[in-house]
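Shown next, in structure tokens, is the structure this report addresses.
The shown structure was predicted, so the numbers you read here are calculated from the model rather than taken from an experiment.
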Amino acid sequence: MVSQLSRPSSGDRIAPSDPQRLLRLRHTCAHVMAMAVQRLFPQTRVTIGPWTETGFYYDFDRADPFTPDDLSRIEAEMRQIIRANLPIIRETVERDELRAAIVQLHEPYKLEILDGIPAAEPITRYYIGCPDPVLPQGPESPSLFDIPAPGEPAPVACWWDLCAGPHLNTTGEIHPDAMVLESVAGAYWRGDETKPQLQRIYGTAWETPEQLQAYLQQKEEAKRRDHRKLGQELDLFSIQEDAGGGLVFWHPKGARMRLLIEDYWRSAHLAAGYELLYTPHIANLDLWKTSGHFEFYRDNMFDQMEIEAQQYQLRPMNCPFHVLTYQHQLHSYRELPLRWAELGTVYRYERSGVLHGLMRVRGFTQDDAHVFCLPEQVSDEILAVLDLTEQILSDFGFAEYEVNLSTRPAKSVGADAMWELATNALRQALDRKGWAYVTDEGGGAFYGPKIDIKIRDAIGRLWQCSTIQVDFNLPERFDLQYVAADGSRQRPIMIHRAIFGSLERFFGILVENYAGDFPLWLAPVQLRLLPVSDDQRDYANGVAHTLKQSGFRVEIDASGDRLGKQIRTAELAKIPVVAVVGKREVEQQTLSVRTRQSGDLGALTVAEMQGRMEEAIAERGRV
RNA sequence: GCCGAUGUGGCUCAGUGGUAGAGCACUCGAUUCGUAAUCGAGCGGUCGCGGGUUCAAAUCCCGCCAUCGGCUCCA
């Protein structure tokens, strides 16, 4: 039960000196851009243009697509408008008057917006450069006010938009070098894919050029850490066109890391009182009809396949299988809670345009678990899940969380009383855990409310991973029972939860968090031996053998390259520790150790080396 | 799925109608080397796939697939 939010929320940590003013600035930038666009491309219709976390955008309706070249022209035009330092004037207008003006301008989207504004609300418009434009002076007279060639229409140094504001007082308050246009993208009118597709131009804007530079550097940093790029460079995984989009191939180094993650996960769960299950990847469609998935989740399920006149379904979820396992025998209240976990691989149909590296795929493995418990155990069990989640995530280096409590959505099943009980149990557990959280009204699953946990990575971005959901729907649909103390049959409550969410996605987050520079316990290769010449091969083989016997992941550079090249190759592969073996080391039975973290450590015996590495592994750190 | 861009050896990329290129990787040879690239040679591509235009297509046109930036979706 994992939502696969594929992009992180903004990790923007560039602090503005005046946040309110920055929003006005960005909003004004959007207007300036719209003005520039309509000056350059008069046939373009305007729609909306808000500020965003890093800048602004404006959606336009125009027959021809904007090209990168158009963006440069628009940006140049915006600078002219900024340099002209045009006043921005707010005006409260009568609805009918404005309506007539909009009709005259042939702006259908603006008309729709105007007509959507409740009668009681005041209506405002914002002018740029009207009604009394300040004409520029001096040699850098902007093109804006150049005298038009004969036959061309006179340029209009005036533009207005129906807008609630707020805005800056003049365009000159925007720093022309703290603003750039970033990209063009398709967007739907009112975010509705049945409505016309518009062209959205994104820009970024800041108070100062320094802030802009900091933002651009952050963007570069995110690009440097991109798990798709690092996955290729470090040979961790691939997604192959020949196989199909969204299907992941784990290469030996990535698979080794996955194995480490899985091993850790299994031990942690066994220690926390879970049992492990393995269940099939396909099953009779009837199961999915009973569970409600066929009704509620069909759009994301792969097509059914017919096997001997029966319809079978590739699984998009694990829960019905755990439910069947529970149902297979009668349970006493004395057995509960039952905590069953599975690294369950699921397949979900995702529209081609949404696939994204490991973050959004069509086949992935959830670290899924279901807790079957008594109503009075729910709160304790949720609290225990929160504890386990914290333990596991912090061992992977994630100590900062943002927590959401999502309540009943419009499209949902179940009685109000059950929703209330479940939502209260989640709330109570969060309070007992002492975690602050934000309530997301209507953000729950169709079958129950949930807690979502986002982790903050090394560069401040938030990623959704863990989810905890209370479900009274499946127990109902499958008629799950336990025998209560009085001998009556009662219905257990089911808690779904995943900590990593999806292994693929979590792995991608790990790659980005560490920028491929993994702590020693996770590094696919922990140490590489670099023989200075062929004479040291036997010694290197002996050392490698010893270290491998002790459980270290070791390899020998077999290239025959010179030492400098071997070191370069190891550095590029981000191998945490290299050990040079030359004539000296063979004679003294040592290793000359060099780590990515601390550089040259000098000569160490094999035993000393092992000690250093064991220490780093134990604290999940680096050498 | 929608809008736009992109797709050339294993990787990164050049090549805009006239005989497919570079660097790295790989193989071979020489060198046996001390902390981020030794030298030389060689191998390797039906230019994403399928159609079309043309005497001639990596290059132009159409369809499809995948990837990238977004939109929509994300139980």
Paired with [N]: which nucleotide, if any, by Watson-Crick or G-U wobble criteria at under 3.5 Å for both distances?
N	value
B:U67	B:A5
B:U12	B:A22
B:A58	none

Across the strands shown, which category fits [X] at heavy-atom distances under 4.0 angstrom: base, sugar-phosphate, nothing?
X	answer
A:Phe66	nothing
A:Glu295	nothing
A:Thr569	nothing
A:Gly560	base
A:Asp561	nothing
A:Arg200	sugar-phosphate
A:Ala445	sugar-phosphate
A:Gly246	sugar-phosphate

Considering the options A:Arg596, A:Gln526, A:Glu555, which one meets the side-chain contact (heavy atoms from CB on, under 4.5 Å) requirement together with A:Ile575?
A:Glu555

Name of the residue among A:Leu480, A:Asp471, A:Leu421 meeting side-chain contact (heavy atoms from CB on, under 4.5 Å) with A:Ile493:
A:Leu421

So, under a plain 3.5 Å distance rule, would you say the side chain of [X] forms a donor-acceptor pair with the base of [N]?
X	N	value
A:Asp535	B:U32	no
A:Arg360	B:C74	yes
A:Arg351	B:U72	yes
A:Gln232	B:G10	no

Any [X] side-chain N or O less than 4.0 Å from OP1/OP2 of [N]:
X	N	value
A:Lys195	B:C3	no
A:Arg228	B:G69	yes
A:Tyr188	B:G1	no
A:Ser352	B:G1	yes
A:His356	B:C74	no

If each of A:Val581 and A:Leu198 is mapped to the nucleotide of RNA chain B with the nearest heavy atom, which maps nearer the 5' terminus, i.e. the 5' end?
A:Leu198

How far does the [atom1] atom of [N] sit from the matching atom of [M], given to the nearest Å?
N	M	atom1	answer
B:U19	B:C47	C1'	15 Å
B:G18	B:U59	P	11 Å
B:G42	B:U35	C1'	31 Å
B:U46	B:U72	P	42 Å
B:A58	B:C74	C1'	38 Å
B:C24	B:G9	C1'	12 Å
B:U8	B:C60	P	15 Å
B:C68	B:G50	P	23 Å

Nearest to the [X] side chain among [options], which nucleotide is it?
X	options	answer
A:Arg562	B:G1, B:A36, B:C33	B:C33
A:Glu585	B:C71, B:G34, B:U32	B:G34
A:Asp534	B:U72, B:U32, B:A36	B:U32
A:Lys565	B:G1, B:U32, B:A25	B:A25
A:Glu241	B:G48, B:G70, B:G34	B:G48
A:Arg568	B:U72, B:G69, B:A36	B:A36

Does CZ in A:Arg612 sit with more than 12 non-hydrogen atoms of other residues, nucleotides or ligands closer than 6.0 Å?
no

Surrounding CH2 of A:Trp189 (heavy atoms of other residues, nucleotides or ligands, distance under 6.0 Å), is the total greater than 12?
yes

Calculate, to the nearest 0.5 Å, the distance between atoms OH and CG belonging to A:Tyr312 and A:Asp286 respectively.
9.5 Å

Determine the minimum heavy-atom distance between A:Val593 and A:Met609, stating which atoms define it.
CG2-SD, 3.3 Å

Geometric class of the A:Phe372/A:His370 ring pair [parallel <30°, tilted 30-60°, perpendicular >60°]:
tilted

Any chance the side chains of A:Thr365 and A:Thr345 put a donor and an acceptor closer than 3.5 Å?
yes

Roughly how many Å is it from CG in A:Leu355 to P in B:G70, rounded to a whole number?
15 Å

Rounded to whole angstroms, how far apart are CG on A:Asp557 and P on B:A25?
12 Å

